[in-house]
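Heavy atoms only: backbone and side chains are in, while hydrogens, waters and symmetry mates are out.
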Amino acid sequence: MARLLNLRTGTLGYKLTGSRGFTTASGGARTLQQRWTPAGRPGGALAVPTAQERPMHGIPAPAPVQVDLDKNSEGATAHTADYVASTSYSDLSPVVLRRCKRMILDTLGVMVVGSTTEVAGMVAAYSLAQQGVIPEPAGSCALLGWKDRTTSAPLAAFANGVSAHSMDFDDTWHPATHPSAPVLASLLALTDLLRPVSTVSGRELLQAFVVGIEVQGRLLRTSAQAKNIPWRFHPPAVVGVMGSAAACAKLLQHDPTRVRNAMSAAASYAGAPMANAGTTAKPLHAGNAARFGLEAALLASVGMKGNPHILDMRSGFGAFFDDFVPETLQDFNSGHLLDKQDVAIKRFPAHLGTHWASDAAAEVRGKLARHDGTVDTDNIRQVVVHAPKCGYVNRPIPKCEHEARHSFQFNVCTTLLDGTVRRQSFGPAQLHRPELRSLLRRTDIRHPPDNVKCFETMYVDVEVRLRDGTVVTARCTEPYGHWRRPLRQEDVVAKFRDNAEAALPGSVVQECVGKVQNLENLRDCSELTDMLSCP
């Protein structure tokens with residue numbers, strides 16, 4: 001027999017191993033009543049050993065820290081928790097709903113195609129291998145893109161979050177982060193976890209998703225430093241875990257106190273270095289943000305408490321930014337950031353900055369192309385890329401697909417050769433072809449002092465110098481897909497279909513498009529995970 005926690009009602013129940021039957025113990029609504037008694041222990045407490053039961057070689061146990069959250073209702077943390085707990089579906093404008101549905105559809109597609117990558121395969125294998133170690137209800141939550149493969153909720157959030165970021169194909173916002181992957185991966189896992197006792201409607205999913213995105217945007221606006229392309233911490237590992245925790249707390253219907261506890265716990269999970277950009281480890285950042293945000297919300301359900309001022313303190317969330325100004329969070333009183341600013345939905349799977357480079361290169365190529373549409377690259381003496389100084393996107397001769405996704409030079413030269421960049425551009429055959437390597441060796445990068453590494457203001461110039469002395473140039477200040485120049489709806493749908501059909505039948509893909517476009521009318525969101533995990 002295994003214990004199950006009804007996370008919505010706050011009650012504990014029991015489930016016979018291998019059975020779908022569920023019997024619920026009594027307990028107050030949405031407050032955990034820890035009434036089960038572990039074997040051999042008196043009273044009604046969780047099975048946590050007391051100080052007397054776990055002697056520390058004669059060292060006395062420290063006195064417990066008592067935190068009265070109800071007496072700490074002022075400040076940015078409380079303000080944010082109140083927003084999370086109070087937001088309702090009726091607060092979401094038509095603009096916010098339309099943008100969220102586009103983000104969800106796009107992220108589902110990049111999760112599915114991302115599940116076919118090597119790093120996603122490694123993480124899926126790891127997650128599935130844990131089923132013999134993790135107690136029930138392990139095995140209840142779907143891995144998208146994998147036929148009938150399930151695991152525990154935290155590991156499903158982890159695996160699906162990694163898949164979403166495995167190609168760097170997920171959306172990007174300003175200030176810089178990948179907002180959707182951590183939030184959606186955690187919400188889908190939680191939807192599956194809740195399935196035995198409660199269904200999650202499309203309206204509930206949209207409401208929680210918006211909250212998770214909004215919290216990330218607000219936190220990023222506590223720092224002017226965050227407006228630039230990051231150099232120290234990868235933002236999904238900092239704000240993504242907080243957004244994931246907020247979204248899951250919303251779906252669990254936590255009150256403000258438990259929301260604060262979830263965010264406080266999430267902050268203890270936050271942070272990952274930018275040094276892993278261009279490696280197979282970088283997708284772990286989005287996966288961990290999804291997993292740990294979900295875990296933080298679940299821990300808050302069972303009484304985990306943290307510092308009630310976690311968003312108010314330089315030693316709290318402020319540890320991630322040198323110029324942290326928590327009072328900024330209290331300036332948000334109504335509306336949502338998605339009302340004012342869309343996200344960038346990418347056309348090809350690479351760092352967003354390379355999209356400026358590719359668009360500029362495409363314009364140059366249009367001026368160089370012969371009547372048959374080809375370009376004589378042998379006639380190119382030098383390619384000069386004028387871009388912001390961003391070390392992890394300056395990779396002259398990338399050795400693997402992950403480096404290529406973070407290379408101004410690779411994306412410029414690929415566009416000059418092929419006219420565009422696509423998913424297939426990062427495969428070994430394309431990456432190591434002689435004509436591309438030759439052109440890369442003739443490519444230099446320069447950093448104009450006025451070109452700040454900020455997705456809101458940056459530009460990229462591509463300058464091609466021919467052997468006869470001719471110079472052809474083009475500048476991109478706003479690539480197609482940027483939040484000021486968003487993808488048309490038909491292009492978002494086309495991207496989803498192209499990605500999802502890498503692992504799923506076309507009929508399933510079309511049905512999924514319809515469900516997401518009418519998400520507010522969907523009664524049970526587990527239909528989405530069922531469709532996308534049963535090819």
(message) Within the 4.5 Å heavy-atom criterion, are Leu416 and Val464 side-chain neighbours or not?
(response) yes

(request) Search all heavy atoms of Ser186 against all heavy atoms of Ala290 and return the closest pair with its distance. (result) CB-O, 3.4 Å

(message) Taking the side chain as everything from C-beta on, heavy atoms only, tell me whether His178 gets closer than 4.5 Å to Lys346.
(response) yes

(message) I'd like to check the side chain to side chain donor-acceptor pair (under 3.5 Å) partners of Thr117; sequence neighbours left out, ordered by chain and number.
(response) Ser166

(request) Validate the cation-pi geometry between Arg218 and Tyr83: distance from NZ or CZ to the six-membered ring centre under 6.0 Å, angle to the ring axis within 45°. (result) yes

(message) I'd like to check the side-chain contact (heavy atoms from CB on, under 4.5 Å) partners of Asp91; sequence neighbours left out, ordered by chain and number.
(response) Thr87, Ser88, His336

(request) Quick one: closest heavy-atom pair of Leu187 and Ala247, and the distance? (result) CD2-O, 3.6 Å

(message) Pair Lys227, Glu456 - check salt bridge (charged side-chain N to carboxylate O under 4.0 Å, His left out), show working.
(response) CA-CA 8 Å; Lys227 293 181 180 178; Glu456 187 72 4; over 6 Å; no

(request) Decide yes or no for Ile104 and Leu184: does some side-chain heavy atom of the first lie under 4.5 Å from some side-chain heavy atom of the second? (result) yes

(message) Once salt bridge (Lys or Arg N to Asp or Glu O under 4.0 Å) is applied, do any residues pair with Arg488, and if so which ones, sequence neighbours excluded?
(response) Glu490, Asp491

(message) Determine whether a donor-acceptor pair (N or O, by modelled atom type, separation under 3.5 Å) exists between the side chain of Arg221 and the backbone of Gly217.
(response) yes

(request) Go through the steps for Arg441 and Ser438 under the test side-chain contact (heavy atoms from CB on, under 4.5 Å), then give the verdict. (result) CA-CA 5 Å; Arg441 286 191 288 271; Ser438 173; 4.1 Å; yes

(message) What I want to find out is whether Asp359 reaches Arg475 closely enough, with some N-O distance under 4.0 Å, to be called a salt bridge.
(response) no

(request) Using the test side chain to side chain donor-acceptor pair (under 3.5 Å), find all partners of Glu327 that sit at least two apart in sequence or belong to another chain. (result) none

(request) Measure from NZ or CZ of Arg405 to the centre of the six-membered ring of Phe426 and say whether it is under 6.0 Å with the direction within 45° of the ring axis. (result) yes

(message) If we ignore hydrogens and angles and just use 3.5 Å, is the side chain of Lys453 paired with the main-chain N or O of Pro388 as donor and acceptor?
(response) no

(request) Just say parallel, tilted or perpendicular for the rings of Phe455 and Trp483, cut-offs at 30° and 60°. (result) perpendicular

(request) Please step through side-chain contact (heavy atoms from CB on, under 4.5 Å) for the pair Phe348 and Ser425, ending with a clear verdict. (result) CA-CA 9 Å; Phe348 56 87; Ser425 301; over 6 Å; no

(request) Give a yes or no on whether the backbone of Leu466 and the side-chain of Thr470 come within a donor-acceptor separation of less than 3.5 Å. (result) no

(message) Salt bridge check, Asp339 against Arg99: does any charged N sit closer than 4.0 Å to a carboxylate O?
(response) no

(message) For Arg149, is the CZ atom crowded, meaning more than 12 foreign heavy atoms sit under 6.0 Å from it?
(response) no

(request) Using distance alone, with no hydrogens and no angle criterion, decide if Ser163 and Ser115 have a side-chain donor and acceptor under 3.5 Å apart. (result) no

(request) Might you point out which heavy atoms bring Asn333 and Gln330 nearest each other, and give the distance in Å? (result) OD1-O, 3.7 Å

(message) Would you say Asp323 and Ser223 are linked by a side-chain donor-acceptor pair, where the criterion is simply a distance under 3.5 Å?
(response) yes

(message) For Lys101, is there an ion pair with Glu520 - N to carboxylate O distance below 4.0 angstrom?
(response) yes

(message) Just to verify, what does Asp331 make a salt bridge (Lys or Arg N to Asp or Glu O under 4.0 Å) with, not counting sequence neighbours?
(response) none

(request) On the 0 to 90° scale, with breaks at 30° and 60°, tag the His351-Tyr392 ring pair as parallel, tilted or perpendicular. (result) perpendicular

(message) Quick check: closest heavy atoms across Val493 and Leu105, and the distance to 0.1 Å?
(response) CG2-CD2, 4.1 Å

(message) Any carboxylate oxygen within less than 4.0 angstrom of a Lys/Arg side-chain nitrogen, looking at Asp378 and Arg467?
(response) no

(message) One pair to check against side-chain contact (heavy atoms from CB on, under 4.5 Å): Leu338 and Trp173. What are the steps and the verdict?
(response) CA-CA 10 Å; Leu338 275 177; Trp173 213 14; 3.9 Å; yes

(request) Step by step, work out the side-chain contact (heavy atoms from CB on, under 4.5 Å) result for His482 and Thr477. (result) CA-CA 10 Å; His482 191 275; Thr477 58; over 6 Å; no

(message) Please check this pair: side chain of Arg203 against backbone of Leu519, looking for a donor-acceptor N/O pair closer than 3.5 Å.
(response) no

(request) Locate the shortest heavy-atom distance separating Leu436 from Cys413; write the atom from each residue and the value. (result) CD1-CB, 3.6 Å

(request) Hey, could you give me the CZ/CZ distance between Phe320 and Arg314, rounded to the nearest 0.5 Å? (result) 13.5 Å

(request) Please find out if less than 6.0 Å separates the ring center of His234 from that of His165. (result) yes

(request) Please determine, by modelled atom types, if Asp170 and Thr107 share a side-chain donor-acceptor pair under 3.5 angstrom. (result) no

(message) Using side-chain heavy atoms (C-beta onward) and a distance below 4.5 Å, is Glu463 in contact with Arg465?
(response) yes

(message) Ring of Phe169, cation from Lys495 - is the NZ or CZ under 6.0 Å from the centre and inside 45° of the axis?
(response) yes

(request) Please tell me if the side chains of Val241 and Pro182 come closer than 4.5 Å, counting only heavy atoms from C-beta onward. (result) no

(request) Could you grab the distance from atom CG of Leu504 to atom CZ of Arg497, nearest 0.5 Å is fine? (result) 13.5 Å

(message) I'd like to know if the side chain of Ser93 reaches the main chain of Val96, judged simply by a donor and an acceptor atom lying under 3.5 Å from each other, with no hydrogens or angles considered.
(response) yes

(request) Would you please test Phe321 and Phe233 for ring-ring contact (aromatic ring centres under 6.0 Å, His included) and show each step? (result) CA-CA 9 Å; Phe321 299 109; Phe233 294 108; 7.9 Å; no

(message) Just checking Lys367: does its NZ atom have more than 12 heavy atoms from other residues, nucleotides or ligands closer to it than 6.0 angstrom?
(response) yes

(message) Do Arg484 and Asp342 make a side-chain contact, defined as non-hydrogen atoms from C-beta onward lying under 4.5 Å apart?
(response) no

(message) Surrounding CD of Glu118 (heavy atoms of other residues, nucleotides or ligands, distance under 6.0 Å), is the total greater than 12?
(response) no

(message) According to side chain to side chain donor-acceptor pair (under 3.5 Å), who are the partners of Arg365, at least two apart in sequence or on a separate chain?
(response) none

(request) Search all heavy atoms of Val452 against all heavy atoms of Met458 and return the closest pair with its distance. (result) O-CB, 3.5 Å

(request) Taking atom types as modelled, find out whether Arg395 and Gln409 have a side-chain donor-acceptor pair closer than 3.5 angstrom. (result) no

(request) Would you check if the side chain of Ser358 reaches a backbone N or O of Val412 as a donor-acceptor pair within less than 3.5 Å? (result) no

(message) I'd like to check Gln225 versus Arg232 (side-chain heavy atoms, cut-off strictly below 4.5 Å). Are they in contact?
(response) yes

(request) Determine yes or no for a side-chain-to-main-chain donor-acceptor pair under 3.5 angstrom, with Arg437 supplying the side chain and Leu431 the backbone. (result) yes

(message) Any side-chain to backbone donor/acceptor pair from Arg98 onto Val95? Under 3.5 Å, distance only.
(response) no

(request) Spell out, as yes or no, whether a donor-acceptor pair under 3.5 Å connects the side chain of Ser407 to the backbone of Glu403. (result) no

(message) Under a plain distance cut-off of 3.5 Å, with no hydrogens placed, do His386 and Tyr459 share a side-chain donor-acceptor pair?
(response) no

(message) When you compare the side chain of Arg381 with that of Arg442, does any pair of heavy atoms fall below 4.5 Å?
(response) no

(message) Less than 3.5 Å apart, any donor N or O on the side chain of Thr420 or Asp418 sitting next to an acceptor on the other?
(response) no

